[in-house]
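Below you'll find the structure, written out as structure tokens, and then a few comments.
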Amino acid sequence: MQTRGAIVRQAPGKYEVVDLEVDDPREGEIQVKMVASGMCHSDDHVATGDIPVGVYPFAGGHEGAGIVTKAGYNRKGLKEGDHVVFSFLPACGHCRWCASGMQNLCDLGAGLLAGSRWGDPTDYRLHLSDGGAPVGQMCGISTFLETTTVSADSAVKVPDDIPLDKACLVGCGVGTGWGSAVNSAEVQPGHTVIVMGIGGIGINAVQGAAHAGASNVIAVDPVAFKREKAQELGATHAVESMEEAAELARQFTNGQGADSAIVTVGVTKPEHVAQAFSAIRKAGTCVVTGLGNIQEVGLPIAISELTLFQKRLQGAMFGMSNPNWDILRQLQLYRDGVLKLDELVTKTYTLDGVQQGYRDMHDGKNIRGVIVYS
């Protein structure tokens, strides 16, 4: 069927909205009319070239929710009319990682940036209407489409009463940030936590740290609006620089340093990791969640500090979440008033406003921009 979607034709490039043809679902797949899509920084990384992809044109978006319009036979029993939230990381349910409770590391994730279906570089579900050239799908889903066809492994059925324009956020940003604090940093009651970078991920790391019982949650961002927002959602302190944050942490801990520092900077660089690493105490944890140029190698940290102070440097993919469970758990927390979603949405856009949404993100005007489809 015909649809419209936002694509980049090259990197560096900008998103443009074009007419597309999307295939009907095959066995194990569903077709979804999108209701809403979050605008994550990772899709901007695709446009800038920080994250190279397997094919161009490439349709963006990986944080979305919608209603199933067609369904092939699938093991999850998803059917027409079901409300679903996409997980940007598919979970097959039977590889080593899924079977051991680490769905965020599912082997299917190896194909997220290929653009084609898992394991087959020639198998596409999306094509340009003008000429029929194949179009890659971000994470196999591409939520910057009015209608998309995806693997059932990438979808989680959610209750019909939850607003999908808010629920879409748990498919990436919420789970990644929340989990970075609760799972990756293992924040405990009484801890002092630094969250470096308050965007769509960092704001949820703030929420997660506060929910886990941290006594001090120090948000770091040069943008005043973001610091104010962090304090509304759980930060006890908000400062402009890591130097200020590290000094505050030492004041709260008798000179020891933060129990954990979580790096969620929009374009993460090695020096950001080094700053966070130096701000934690002995046996503390530095969690690296943000992405930058994925081909960049090397961290300016002292090996002696890593070894002799027994510090832990921890990567965090989707906040170590198990999407088939954690998406529903987080939506229940939203229902219970524990997890804030409405407050995360700074501004909504039409699909045609996608490029304006990313300009606003770069200008520090948004915590999370959301595309709402008619």
Side-chain angles (χ1 to χ4, degrees), residues 40-43 45-46 50-52 62-63 87-91 95-98 100-113 139 171-188 191 193-209 212 220 242 257-303 305-307 309-323 326:
C40 184
H41 204 135
S42 295
D43 298 294
H45 285 313
V46 169
D50 280 347
I51 297 180
H62 66 279
E63 183 182 80
S87 167
F88 81 96
L89 294 175
C95 71
R96 169 185 174 175
W97 311 107
C98 288
S100 56
M102 292 185 280
Q103 290 183 351
N104 64 311
L105 299 179
C106 176
D107 284 340
L108 294 180
L112 291 184
L113 300 176
C139 298
C172 175
V174 173
T176 300
W178 182 280
S180 291
V182 175
N183 300 328
S184 306
E186 299 177 349
V187 174
Q188 300 294 318
H191 274 191
V193 181
I194 297 171
V195 180
M196 184 184 189
I198 306 301
I201 306 299
I203 196 70
N204 290 296
V206 166
Q207 286 206 79
V220 185
M242 277 299 291
D259 297 283
S260 58
I262 305 168
V263 182
T264 53
V265 179
V267 181
T268 298
K269 297 184 178 295
E271 55 265 31
H272 295 137
V273 179
Q275 288 177 315
F277 189 78
S278 67
I280 58 176
R281 59 165 169 80
K282 290 184 287 187
T285 301
C286 174
V287 175
V288 184
T289 304
L291 285 172
N293 184 335
I294 64 173
Q295 297 177 333
E296 195 163 14
V297 175
L299 295 174
I301 63 175
I303 296 175
E305 189 176 349
L306 177 65
T307 302
F309 288 1
Q310 202 170 301
K311 295 185 177 185
R312 182 161 67 107
L313 188 60
Q314 176 67 60
M317 182 65 159
F318 202 6
M320 295 184 174
S321 297
N322 285 295
D326 282 314

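All residue numbers refer to positions in the sequence shown, counting from 1.
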- Query: Is it true that a side-chain atom of Thr176 and a backbone atom of Gly173 form a donor plus acceptor pair closer than 3.5 Å?
  - Reply: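 Judged by distance alone, no pair lies under 3.5 Å.
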Minimum heavy-atom distance [X]-[Y], with the two atoms named:
| X | Y | answer |
| --- | --- | --- |
| Pro323 | Asn104 | CD-N, 4.3 Å |
| Ser184 | Thr285 | O-CG2, 4.1 Å |
| Phe318 | Ser87 | CE2-OG, 3.6 Å |
| Met242 | Ala279 | CE-CB, 4.0 Å |
| Leu299 | Pro270 | CD2-CA, 4.0 Å |
| Arg96 | Ser100 | O-OG, 2.8 Å |

- Task: Give the intermediate values and the outcome of side-chain contact (heavy atoms from CB on, under 4.5 Å) for residues Thr264 and Asn204.
- Result: CA-CA 10 Å; Thr264 53; Asn204 290 296; over 6 Å; no
- Task: Could you tell me whether the side chain of Ile280 reaches within less than 4.5 Å of the side chain of Phe309, counting heavy atoms only?
- Result: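 No. Closest side-chain heavy atoms not under 4.5 Å.
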Rounded distance [0.5 Å steps], [atom1] in [X] versus [atom2] in [Y]:
| X | Y | atom1 | atom2 | result |
| --- | --- | --- | --- | --- |
| Asp50 | His45 | CG | NE2 | 6.0 Å |
| Phe88 | Leu112 | CZ | CG | 7.5 Å |
| Ile201 | Ile262 | CD1 | CD1 | 11.5 Å |
| His41 | Ile51 | NE2 | CD1 | 9.0 Å |
| Leu306 | Arg312 | CG | CZ | 12.0 Å |
| His62 | Leu113 | NE2 | CG | 10.0 Å |

Would you list the atom pairs, donor with acceptor, under 3.5 Å between side chains in residues 288-297 and any protein atom, with sequence neighbours excluded?
{"unit_1": "Thr289", "atom_1": "OG1", "unit_2": "Ser180", "atom_2": "OG", "d": "2.8"}
{"unit_1": "Asn293", "atom_1": "OD1", "unit_2": "Gln295", "atom_2": "N", "d": "2.9"}

- Crowded around Glu271 CD? As in, over 12 foreign heavy atoms under 6.0 Å?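 Result for CD/Glu271: enclosed.
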- Task: Show your reasoning for whether side-chain contact (heavy atoms from CB on, under 4.5 Å) applies to Gln207 and Trp178.
- Result: CA-CA 6 Å; Gln207 286 206 79; Trp178 182 280; 4.0 Å; yes
- Query: Which is it for Lys311 and Cys286 under the side-chain contact (heavy atoms from CB on, under 4.5 Å) test, yes or no, and what are the steps along the way?
  - Reply: CA-CA 8 Å; Lys311 295 185 177 185; Cys286 174; over 6 Å; no
- Message: Determine whether Val287 and Ser260 satisfy the following criterion, side-chain contact (heavy atoms from CB on, under 4.5 Å), listing intermediate values before the conclusion.
- Response: CA-CA 7 Å; Val287 175; Ser260 58; 5.6 Å; no
- Task: Output all residues satisfying ring pair (Phe, Tyr, Trp, His ring centres under 6.0 Å) with His272, sequence neighbours left out; order by chain, then residue number.
- Result: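 Ring pair (Phe, Tyr, Trp, His ring centres under 6.0 Å) check on His272 returns nothing, list empty.
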